[in-house]
Amino acid sequence: MRGAKLASLKHNYCRKAGFFVNQIKTIDGRQYYHMTIAGCERDLPLCPISDTMNIAGFVMLGDVEITKASAAELLKRCPEHDVVVTAETKGIPLCYEMARQGCGRYIVARKSLKSYMRNPIHVQVKSITTDHVQELYLAEDDYKGLKGKRVLIVDDVISTGESLEAMEKLVEQFEGNIVGRAAVLAEGDAQDRKDIIFLEPLPLFSKE
Ligand SMILES: O=P(O)(O)OC[C@H]1O[C@H](OP(=O)(O)OP(=O)(O)O)[C@H](O)[C@@H]1O
Ligand SMILES: Nc1ncnc2[nH]cnc12
C-alpha cells in the first residue's frame, strides 16, 4: 500500500504523533492497539490483512457505549442534514444512533440483494478488509428519498476511501446533496484527508 501511514509493531512508532508511543499491548499472546475514542478506552486486536500489514480491528457492533458516545461527538462536528447514509455492515449502529440523536432518518446501502428490495440499483466496492469486489445496493424505497435532501454519509472507519466513494456514487445518482462525510476513525492515509470529519486517526501496522 503505497504512501500508507504505517506504524511499526517493533518500535511502536506513531508517525502522526511523531514520537515513539506505547500503545501496543500484548494480552494472552495477542497484540492490541490501545486507544481512546469519544472518551471510551478500547484495545483493538491487530489482524493481518496481507503478508506485510496488520490493521487494528475496530468493531462497534455490540458496543453500545462507544456507539452512543461516537455518534454524539460526530454530530457536534457535522453540518445540518436531512438524512444519514451508511453501508452495511459495521456502519449501521453508528448511522442509526446518529439519526436517533439527530435528524431521525437513515438509509443503509446493502451488500446483498434481498427479494424485498424493489427496483434496486448497485455500485461496486472493494474495501481494505475484503479481498474481493462487493456490491452496494439501494432499493427504490430508499433512493427515492434522496432527491434534493442534505445527505450526511457516515461509516465506522474510512481507510482507502473506496466504500465512501461507492456511497457517494449512489447518493449522487439520485441527486442527493452530500453535505458531509464522517467516520469515527480515519485509517492510514485517510487521516490526511481534509474532506472528511473524523474523531481519531488510526495507523496501519507493518509486520516487519
Ligand atoms: O475505506 P475502505 O478501505 O473502503 O474501508 C472502510 C470500510 O471497511 C469496513 O467495512 P468492511 O468492508 O470491512 O465490511 P463490513 O462492515 O461489512 O464488515 C468499514 O466498515 C468501512 O465500510
Ligand atoms: N481497522 C479496521 N477495522 C475494521 N474495519 C475496517 N475497515 C477498514 N479498516 C478497518
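Ligands are counted one by one from 1 in listed order, and the atoms in each one are counted from 1 as well. Atoms considered below: every heavy atom in the structure, side chains included; atoms not considered: hydrogens, waters and symmetry mates.
- The closest donor-acceptor contact from the side chain of K149 to the backbone of D82 lies at 3.5 Å or more, if one exists at all.
- To the nearest 0.5 angstrom, Y33 atom OH is 11.0 Å from L204 atom CG.
- Listed for the K111 side chain is no donor-acceptor partner under 3.5 Å among the backbone atoms of A87.
- The distance from ligand 2 to the heavy atoms of L202 drops below 4.0 Å at these ligand atoms: 1 (N).
- With Q101 contributing its side chain and K68 its backbone, the two residues share a donor-acceptor pair below 3.5 Å.
- Atom 6 (C) of ligand 2 has its closest protein heavy atom at T129 CG2, 3.5 Å.
- Listed by number with element, the atoms of ligand 2 under 4.0 angstrom from any heavy atom of G57 are 3 (N).
- At a 4.0 Å heavy-atom cut-off, ligand 1 touches T130 through the side chain alone.
- Taking the charged nitrogens against the carboxylate oxygens, R118 and D141 do have a contact shorter than 4.0 Å, which makes a salt bridge.
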Self-check item: Stepwise salt bridge (charged side-chain N to carboxylate O under 4.0 Å, His left out) test for R110 and D142
Solution: CA-CA 11 Å; R110 305 291 298 266; D142 290 325; over 6 Å; no
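- For atom 4 (O) of ligand 1, the closest non-hydrogen atom on the protein side is S163 OG, 2.5 Å.
- Contact atoms of ligand 1 toward E88: 17 (O) (distance under 4.0 Å to a heavy atom of the residue).
- Taking SG of C47 as the start and CZ of F58 as the end, the distance is 13.0 Å to the nearest 0.5 Å.
- Taking CE from M60 and CD1 from I66, the interatomic distance works out to 5.5 Å, rounded to the nearest 0.5 Å.
- Listed by number with element, the atoms of ligand 1 under 4.0 Å from a non-hydrogen atom of K111 are 11 (P), 12 (O), 14 (O), 15 (P), 16 (O), 17 (O).
- Here the straight-line distance linking atom CG of L44 with atom CD of Q23 works out to 10.5 Å at 0.5 Å rounding.
- Using a 4.0 angstrom heavy-atom cutoff, G161 counts as in contact with ligand 1.
- Scanning all protein heavy atoms for the shortest distance to atom 11 (P) of ligand 1 gives T129 OG1, 3.3 Å.
- Considering backbone and side-chain N/O atoms, A56 comes within less than 3.5 Å of an N/O atom of ligand 2.
- With hydrogens left out, the protein atom closest to atom 16 (O) of ligand 1 is K90 N, 2.9 Å, a heavy atom.
- Counting only heavy atoms of the protein, atom 6 (C) of ligand 1 lies nearest to V157 O, 3.3 Å.
- In terms of protein heavy-atom proximity, atom 12 (O) of ligand 1 is nearest to S127 OG, 2.5 Å.
- The shortest separation from a heavy atom of E187 to ligand 1 is not under 4.0 Å, leaving the residue out of contact.
- To the nearest 0.5 Å, atom CD of residue E140 and atom CZ of residue F174 are 8.5 Å apart.
- Taking CG of L199 as the reference point, atom CZ of R77 lies at 5.0 Å (rounded to 0.5 Å).
- For a threshold of 3.5 Å applied to N or O pairs, the pair formed by G91 and ligand 1 contains no separation below that value.
- Ligand 1 has no nitrogen or oxygen under 3.5 angstrom from a nitrogen or oxygen of K126.
- Side-chain atoms of H81 come within 3.5 Å of backbone N or O of P79 as a donor-acceptor pair.
- Regarding atom 2 (P) of ligand 1, its nearest protein heavy-atom neighbour is T160 OG1, 3.3 Å.
- Using a 4.0 Å cut-off to heavy atoms of D156, the atoms of ligand 1 that qualify are 19 (C), 20 (O), 21 (C).
- Proximity to I128 (heavy-atom distance under 4.0 Å) selects the following atoms of ligand 2: 8 (C), 9 (N).
- When I49, D155, V125 are checked for heavy-atom proximity to atom 21 (C) of ligand 1, D155 turns out nearest.
- One N or O on the side chain of Q191 and one on the backbone of G188 form a donor-acceptor pair closer than 3.5 Å.
- Ligand 2 has an N or O atom lying under 3.5 Å from an N or O atom of E187, backbone or side chain.
- Close contacts of ligand 2 with F58, meaning ligand atoms under 4.0 Å from a residue heavy atom, involve 2 (C), 3 (N), 4 (C).
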